[in-house]
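In what follows, a structure is listed as structure tokens, so that the remarks can point back to it.
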Amino acid sequence: MAHDVSGWLPVFLATTSCRCLVVGAGRVATRKAKKLLEAGAHLALIAPDLSAPMQRLMQAYPAQIQYQPRCYTAEDMQNYQLIVAATDDAVLNTRIAQVAQRLNIPVNVANPGHLSTLLLPNTLRRGVVQIALCSGGASPLLMRRLSAYLDALIPQHYGDLAKLLQRFRESIKTHFPDIHKRRHFYEKIVDGVIAETVFSQRYDDACELVKQRIAKDIYATQGEVYLVGTGPGDPELLTLKALRVMQQADVVIYDRLIGPEILKFLRKDARRYYVGKARAHHSSTQATINQLLIEYAKAGHKVVRLKGGDPFVFGRGGEEMLALQAAGIVFHIVPGITAATGCAASTGIPLTHREVAKGCLFLTGHCADEASAFDWPALAQSGYTLVFYMGVFHLESLCQRLLRAGMAAETPVAIVQNGSLANQQLTFSTLAHLSRQPPMDHTHPGLVIIGQTVTLSPQYRAPGCTA
Ligand code: SAH
């Protein structure tokens with residue numbers, strides 16, 4: 001039975017000094033007892049007989065289990081601070097839960113689970129670091145998945161890094177009384193070579209490095225800038241590197257392509273600057289943005305410039321990079337999934353396809369109303385999939401130009417708005433049809449995909465329909 005998790009607070013219990021009672025010795029009781037034993041608890045176990053798994057558990061923890069081979073009675077409860085009712089008899093479990101609640105003793109009940117006043121979460125351990133996972137019983141499978149996912153993500157020796165930080169905490173505080181310098185010092189440990197040394201199990205070498213740095217008063221003086229691509233919007237499309245850098249940022253500069261689902265991954269106390277940039281109302285000019293990046297980096301900050309998609313695809317990442325380079329600022333580029341590949345995946349439109357499209361062009365539709373913007377006949381005859389960024393605004397003239405340049409009137413076109421997001425909208429049409437249409441709503445980011453591969457989409461519908 002699932003509990004509404006809003007009524008629960010995860011806390012950590014000092015189990016070594018806690019007297020626990022487990023009633024029942026079957027498979028479920030064994031699993032619950034194991035969690036308590038791993039946390040160092042001492043258990044009294046009451047059950048008329050033992051299952052094979054429980055016998056094995058007792059052999060593994062002989063000093064922590066005191067077994068009483070008999071049935072439970074209400075008097076058993078008095079001396080305990082935590083009770084697990086895990087017999088295969090729901091009526092008995094209910095009685096145990098009622099007595100425990102009357103005595104104000106936290107109780108975990110296997111069945112009926114909703115009588116529990118205490119949940120035993122799945123835990124993931126890295127030495128002193130522990131992560132507790134709980135869905136209130138809604139889905140143990142999901143919790144196991146999540147645990148496996150985190151297990152893969154968190155370095156095995158993360159706990160040693162925590163131990164190292166604890167060891168030097170006082171001396172770092174004394175050497176760097178200034179909170180900013182101290183934070184930079186910590187960040188250099190956590191993000192850099194010292195952490196890597198710990199993770200490769202050379203703990204003593206890592207401690208030496210910390211001592212050297214403290215002695216030389218080295219903390220981060222020069223900031224740096226990361227130009228980070230965040231993909232088309234779905235946060236699952238962030239790269240691991242983007243996520244890591246976002247969680248280390250002091251200052252974050254972002255524009256309207258970056259939604260709240262992405263921003264929530266930023267470090268909580270990072271300073272955030274919105275620099276706008278919707279079509280036709282540029283909140284900040286590119287020069288102002290460049291200047292912001294440079295100034296914050298010069299002030300010693302780790303600056304993260306978030307960009308929709310990829311920074312180097314119509315993202316003006318190149319201009320920002322050159323400005324940083326000219327100012328002598330250290331910078332890093334973190335690539336992202338660009339709108340074209342993101343939208344291709346979420347709509348099932350291949351960008352290239354054997355015998356259908358031998359290539360694909362990423363183009364800007366920003367100036368599609370200008371005759372000189374492209375060699376239009378070359379585009380029309382290329383046989384490539386044409387992907388226009390910023391193309392929805394000038395869609396009508398874009399289609400007219402391609403038609404006049406000789407592209408077939410029935411060439412399929414897909415318009416993908418808010419690609420990869422929950423409110424994605426996909427419209428199928430043709431060049432001829434769109435060349436006569438009134439302008440579409442262009443307030444949402446939209447991509448125009450033109451070419452025969454459009455019809456390969458499993459979501460393809462006859463032109464004019466909205467999928
Ligand atoms: N650097 C970005 C592109 C920035 S230009 C990238 O690599 O994707 C802004 C244009 O990108 C928008 O006008 C739109 O054409 C496209 N775009 C960005 N996100 C999009 C999304 N989620 N769905 C559809 N198009 C998107």
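In what follows, residues are counted from 1 in the order of the sequence shown.
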How about [X]: does its [atom1] atom have over 12 heavy atoms from other parts shown lying under 6.0 Å from it?
{"X": "Arg169", "atom1": "CZ", "answer": "no"}
{"X": "Ile179", "atom1": "CD1", "answer": "no"}
{"X": "Lys35", "atom1": "NZ", "answer": "yes"}

- Query: Where do Lys34 and Glu38 land on the salt bridge (Lys or Arg N to Asp or Glu O under 4.0 Å) test, with the steps shown first?
  - Reply: CA-CA 6 Å; Lys34 187 163 181 256; Glu38 281 173 349; 3.3 Å; yes

From [X] atom [atom1] to [Y] atom [atom2], the distance as rounded to the nearest 0.5 Å:
{"X": "Met143", "Y": "Thr123", "atom1": "CE", "atom2": "OG1", "result": "13.5 Å"}
{"X": "Asp369", "Y": "Leu398", "atom1": "CG", "atom2": "CG", "result": "10.0 Å"}
{"X": "Ile333", "Y": "Glu320", "atom1": "CD1", "atom2": "CD", "result": "9.0 Å"}

Report yes if some heavy atom in the side chain of [X] is under 4.5 Å from a heavy atom in the side chain of [Y]; otherwise report no.
{"X": "Asp250", "Y": "Asp269", "value": "no"}
{"X": "Leu153", "Y": "Leu240", "value": "yes"}
{"X": "Leu293", "Y": "Ile329", "value": "no"}
{"X": "Ile349", "Y": "Leu456", "value": "no"}
{"X": "His332", "Y": "Glu224", "value": "yes"}
{"X": "Met407", "Y": "Leu386", "value": "yes"}
{"X": "Met246", "Y": "Ile262", "value": "yes"}
{"X": "Leu363", "Y": "Tyr389", "value": "no"}

- Message: Applying salt bridge (Lys or Arg N to Asp or Glu O under 4.0 Å), can you list everything that pairs with Lys211, at least two apart in sequence or on another chain?
- Response: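 Once residues adjacent in sequence are excluded, the partners of Lys211 under the salt bridge (Lys or Arg N to Asp or Glu O under 4.0 Å) criterion are Glu208.
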
Does a donor on one side chain and an acceptor on the other come within less than 3.5 Å for [X] and [Y]?
{"X": "Gln201", "Y": "Gln156", "value": "no"}
{"X": "Thr285", "Y": "Thr288", "value": "yes"}
{"X": "Thr197", "Y": "Tyr203", "value": "no"}
{"X": "Thr117", "Y": "Gln101", "value": "no"}

- After noting the C-alpha distance and the side-chain angles of Val387 and Val448, does the key distance pass the side-chain contact (heavy atoms from CB on, under 4.5 Å) rule? CA-CA 6 Å; Val387 182; Val448 183; over 6 Å; no

- Query: Backbone N or O of Leu142 within a donor-acceptor pair of the Ser139 side chain at under 3.5 Å?
  - Reply: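 Yes, Ser139 side chain to Leu142 backbone: donor-acceptor pair under 3.5 Å.
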
- Between Gln424 (side chain) and Ser420 (backbone), is there a donor-acceptor pair under 3.5 Å?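 Yes, the answer is positive, given that a donor and an acceptor are paired below the 3.5 Å cut-off.
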
Taking the six-membered ring for Trp, are [X] and [Y] closer than 6.0 Å centroid to centroid?
{"X": "Tyr254", "Y": "Tyr273", "answer": "no"}
{"X": "Phe428", "Y": "Tyr460", "answer": "yes"}
{"X": "Phe199", "Y": "His157", "answer": "no"}

- Message: Determine whether Phe388 and His366 satisfy the following criterion, side-chain contact (heavy atoms from CB on, under 4.5 Å), listing intermediate values before the conclusion.
- Response: CA-CA 9 Å; Phe388 282 95; His366 186 63; over 6 Å; no

- Query: With under 30° as parallel and over 60° as perpendicular, where do the rings of His442 and Phe393 fit, or are they tilted in between?
  - Reply: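 Ring orientation, 0 to 90° scale: perpendicular.
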
Which heavy atom of [X] sits nearest a heavy atom of [Y], and at what distance?
{"X": "Glu261", "Y": "Lys264", "result": "O-CG, 3.5 Å"}
{"X": "Leu120", "Y": "Asn108", "result": "N-ND2, 3.8 Å"}
{"X": "Leu434", "Y": "Ser429", "result": "CG-OG, 3.4 Å"}
{"X": "Asn93", "Y": "Asn111", "result": "ND2-O, 2.9 Å"}
{"X": "Gly419", "Y": "Cys343", "result": "CA-SG, 3.8 Å"}

- Task: Show the numbers, then the answer: is there a side-chain contact (heavy atoms from CB on, under 4.5 Å) between Val107 and Ser116?
- Result: CA-CA 6 Å; Val107 61; Ser116 296; 5.9 Å; no

- Knowing that exactly one of Arg267, Lys181, Arg182 qualifies, which makes a salt bridge (charged side-chain N to carboxylate O under 4.0 Å, His left out) with Glu187?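 With Glu187 as partner, salt bridge (charged side-chain N to carboxylate O under 4.0 Å, His left out) holds for just one option, Arg267.
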
- Among all residues two or more places apart in sequence or in another chain, which pass the side chain to side chain contact (heavy atoms under 4.5 Å, CB included) test with Tyr384?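 Result, side chain to side chain contact (heavy atoms under 4.5 Å, CB included) vs Tyr384: Lys358, Leu361, Ser382.
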
- Message: I'd like to check the side chain to side chain contact (heavy atoms under 4.5 Å, CB included) partners of Leu292; sequence neighbours left out, ordered by chain and number.
- Response: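 Leu292: side chain to side chain contact (heavy atoms under 4.5 Å, CB included) contacts with Ile253, Val275, Tyr296.
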
- Task: Check the pair Leu118 / Leu82 against side-chain contact (heavy atoms from CB on, under 4.5 Å), numbers first and verdict last.
- Result: CA-CA 9 Å; Leu118 174 96; Leu82 190 159; 3.8 Å; yes

- Task: Please step through salt bridge (Lys or Arg N to Asp or Glu O under 4.0 Å) for the pair Glu396 and Arg436, ending with a clear verdict.
- Result: CA-CA 7 Å; Glu396 194 186 346; Arg436 298 188 298 266; over 6 Å; no

- Starting from the C-alpha separation in whole Å, work towards a yes-or-no answer on salt bridge (Lys or Arg N to Asp or Glu O under 4.0 Å) for Asp160 and Arg202. CA-CA 10 Å; Asp160 291 342; Arg202 290 184 290 123; over 6 Å; no

